[in-house]
*Asks:* 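Right, I'll just put the structure down here and ask away after.
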Number of protein chains: 2
Amino acid sequence: MATQLEPAVPREGTGRKKLLAAALDLFAERGVSGTSLQMIADALGVTKAAVYYHYKTKDDIVLAVVNPAIEELAVIASEAERKRSRAAQVETVLVGIIDLIVRNRSLYAVLQGDLAVAHVLSEHGAFPELSNRIMALLVGPDPDPGTIVAASILLSGLGEAGFGPRVADIGDEELRGHMLGCARRLLRHRRPSAATP
Amino acid sequence: MATQLEPAVPREGTGRKKLLAAALDLFAERGVSGTSLQMIADALGVTKAAVYYHYKTKDDIVLAVVNPAIEELAVIASEAERKRSRAAQVETVLVGIIDLIVRNRSLYAVLQGDLAVAHVLSEHGAFPELSNRIMALLVGPDPDPGTIVAASILLSGLGEAGFGPRVADIGDEELRGHMLGCARRLLRHRRPSAATP
DNA sequence: GTCTATATCCTGATAGAC
DNA sequence: GTCTATCAGGATATAGAC
């Protein structure tokens with residue numbers, strides 16, 4: 001539950017940390033299924049066996065790469081669930097997720113855009129439940145379909161857009177602001193009131 | 001340039017058509033890199049060699065699966081480029097793409113969400129150029145970063161959201177309407193006016 | 001911690017019979 | 001159009017030396 005002040009996956013480091021950084025770059029560029037352990041080893045200048053010293057299986061590497069983002073998301077969700085007003089819950093989720101995305105643009109894209117990651121997480125982790133918690137915080141109780149569509153577009157759109165080449169040359173501060181603006185525009189719309197005849 | 005009245009990839013058919021439908025389902029579920037020719041063959045109840053009778057390489061299958069959507073997108077782009085007003089251009093692109101997504105929910109997700117597809121298309125096709133044309137139609141000339149961010153979120157978000165399980169039980173008509181509403185909300189925002197002091 | 005070497009399986013792809 | 005049989009290469013993963 002420590003506050004994260006550094007990027008979730010550091011660019012430099014020793015041993016495992018360099019491995020995870022190299023793996024993330026490859027996952028973001030070629031996809032998890034399109035990345036072999038040989039490629040990761042080559043990126044590090046070592047052999048496959050050296051990679052296997054740090055992690056027993058490829059799934060373990062995927063989990064280790066993606067885990068920091070999941071832990072941050074869990075903190076964000078818990079923080080948001082403690083808020084009393086719906087508006088504060090939505091705001092906490094939006095600010096938290098967008099900050100996470102901007103701070104490390106490729107990690108979130110891999111986490112929620114890669115089908116292989118989803119498959120691994122559905123077996124080894126509890127990510128689907130966390131994903132549902134975050135969605136519930138965004139759309140609230142008894143959401144109408146329009147809100148569900150908007151939140152779905154937002155969550156997947158933010159991830160892919162943050163890593164896309166078209167926003168690569170936009171600074172962190174500015175990107176954060178634009179993403180927050182997009183999120184608020186998307187989510188703030190008139191619900192069809194069931195009480196109106 | 002024939003108008004498409006049927007789904008881009010038919011669910012049933014004979015020979016190649018059943019092959020493409022089975023391949024699309026697998027691509028959408030496991031990703032292109034995570035789908036082997038063996039899986040496609042198994043889904044059809046045949047052997048790999050039978051698959052190779054229809055298409056020489058795996059890339060050819062990917063191209064054939066994704067090609068109907070690309071052709072539709074090209075028609076949409078050309079149609080939009082013939083409009084004179086910016087508003088009409090944006091509207092034509094939005095209505096066309098959303099209709100394409102809703103009519104065949106997994107195809108667009110595979111086309112623009114799968115890194116392996118992007119890799120194949122960058123080699124064998126001219127999709128990057130088409131993608132740029134559509135983006136240019138959405139954001140207009142000299143777009144500000146906020147508009148670029150919004151359009152990026154929209155294009156990737158629509159694709160993934162259309163295939164997601166959360167919107168699976170929403171009917172075509174309703175989904176189309178909600179997606180259009182989201183798109184208009186996202187793109188319609190005040191540009192920072194450079195003329196204002 | 002990293003290496004070489006190896007084991008095993010699966011991949012995309014081909015040839016030729018029916 | 002589909003089959004069996006086969007190929008070379010690459011995948012994950014392990015064993016053991018340094």
Side-chain angles (χ1 to χ4, degrees), chain A residues 10 12-67 110 114-125, chain B residues 10 12-67 110 114-125:
Chain A
E12 286 303 323
T14 59
R16 308 171 112 85
K17 297 193 173 181
K18 274 171 80 171
L19 197 162
L20 294 183
L24 172 58
D25 287 345
L26 286 163
F27 291 166
E29 191 188 346
R30 324 246 331 186
V32 168
S33 308
T35 301
S36 67
L37 294 183
Q38 184 69 66
M39 295 179 197
I40 298 175
D42 289 349
L44 295 170
V46 299
T47 62
K48 280 187 295 180
V51 173
Y52 273 106
Y53 169 78
H54 295 288
Y55 297 97
K56 288 199 185 307
T57 70
K58 188 183 180 184
D59 282 8
D60 287 344
I61 298 178
V62 173
L63 288 172
V65 164
V66 131
N67 191 55
V110 169
D114 197 304
L115 290 167
V117 172
H119 194 252
V120 171
L121 287 178
S122 72
E123 288 184 340
H124 297 71
Chain B
E12 285 302 322
T14 58
R16 307 171 115 83
K17 295 192 175 180
K18 275 171 79 171
L19 196 162
L20 294 183
L24 172 58
D25 287 344
L26 286 163
F27 290 167
E29 191 188 346
R30 322 248 329 189
V32 168
S33 308
T35 301
S36 67
L37 295 180
Q38 185 67 64
M39 295 180 197
I40 298 175
D42 289 349
L44 295 169
V46 299
T47 63
K48 277 190 298 178
V51 173
Y52 273 106
Y53 169 77
H54 296 287
Y55 296 97
K56 287 198 187 305
T57 70
K58 189 183 179 184
D59 281 8
D60 287 344
I61 298 177
V62 173
L63 287 172
V65 164
V66 130
N67 192 54
V110 170
D114 197 305
L115 289 168
V117 173
H119 193 252
V120 171
L121 287 178
S122 71
E123 289 184 341
H124 297 70

*Asks:* Between A/V46 and B/V32, name the one whose nearest nucleotide on DNA chain C is closer to the 5' end.
*Replies:* A/V46
*Asks:* Check every atom of D/dT12, D/dG1, D/dT14 against the side chain of A/K58 and return the nucleotide holding the closest atom.
*Replies:* D/dT12
*Asks:* Is A/Y52 near enough to D/dA13 that one of its side-chain N or O atoms lies under 4.0 angstrom from OP1 or OP2?
*Replies:* yes
*Asks:* Figure out the CG/P separation between B/D60 and C/dG12, and round it to whole Å.
*Replies:* 13 Å
*Asks:* Separation of B/I40 atom CD1 from C/dG12 atom C1', in whole Å?
*Replies:*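 Result: 11 Å.
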*Asks:* Any base atoms under 4.0 Å from B/T35, or only sugar-phosphate, or nothing? Heavy atoms, all strands.
*Replies:*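 Result for B/T35 = sugar-phosphate.
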*Asks:* Nearest-Å distance, NZ (A/K48) to P (D/dA11)?
*Replies:* 7 Å
*Asks:* Choosing from D/dT12, C/dG12, D/dC3, which nucleotide comes nearest the side chain of A/L37?
*Replies:* D/dT12
*Asks:* Could you check if a side-chain atom of B/V51 sits within less than 4.5 angstrom of a side-chain atom of B/I61, using non-hydrogen atoms only?
*Replies:* yes
*Asks:* Check the distance between D/dT12's P and A/D59's CG and give it to me in whole angstrom.
*Replies:*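 The answer, rounded to whole Å, is 10 Å.
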*Asks:* What's the closest nucleotide to the side chain of B/A49 if the choices are D/dA11, D/dG1, D/dA5?
*Replies:* D/dA5
*Asks:* Could you tell me the separation between the CG atom of A/L19 and the C1' atom of C/dT2, rounded to a whole number of Å?
*Replies:*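 Roughly 13 Å, once rounded to whole Å.
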*Asks:* Rounded to the nearest 0.5 Å, what separation is found between the CD atom of B/E123 and the CG atom of B/L63?
*Replies:* 10.0 Å
*Asks:* For B/S36, is there any backbone N or O sitting under 3.5 Å from a side-chain donor or acceptor partner on B/K48?
*Replies:* no
*Asks:* Rounding to an integer number of Å, can you tell me how far B/Y53 OH sits from C/dA15 P?
*Replies:* 16 Å
*Asks:* Specify the separation, in whole Å, of atom NZ of B/K56 and atom C1' of D/dG1.
*Replies:*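 In whole Å, D/dG1 C1' lies 14 Å from B/K56 NZ.
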*Asks:* Quick check: closest heavy atoms across A/L115 and B/R30, and the distance to 0.1 Å?
*Replies:* CD1-C, 3.9 Å
*Asks:* Do the side-chain N or O atoms of B/S36 get closer than 4.0 angstrom to the phosphate oxygens (OP1, OP2) of C/dT11?
*Replies:*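 Yes, within the criterion.
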*Asks:* Give the rounded distance in Å between these two atoms: CZ of A/R16 and P of C/dG1.
*Replies:*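 In whole Å, C/dG1 P and A/R16 CZ are 8 Å from each other.
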*Asks:* Which part of the nucleic acid, if any, lies within reach of A/T47 when heavy atoms closer than 4.0 Å are counted: base, sugar-phosphate only, or nothing?
*Replies:*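 Touches a base.
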*Asks:* Got a second to check how far B/D25's CG is from B/M39's CE, nearest 0.5 Å?
*Replies:*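 Rounded to the nearest 0.5 Å, the CG-CE separation comes to 14.0 Å.
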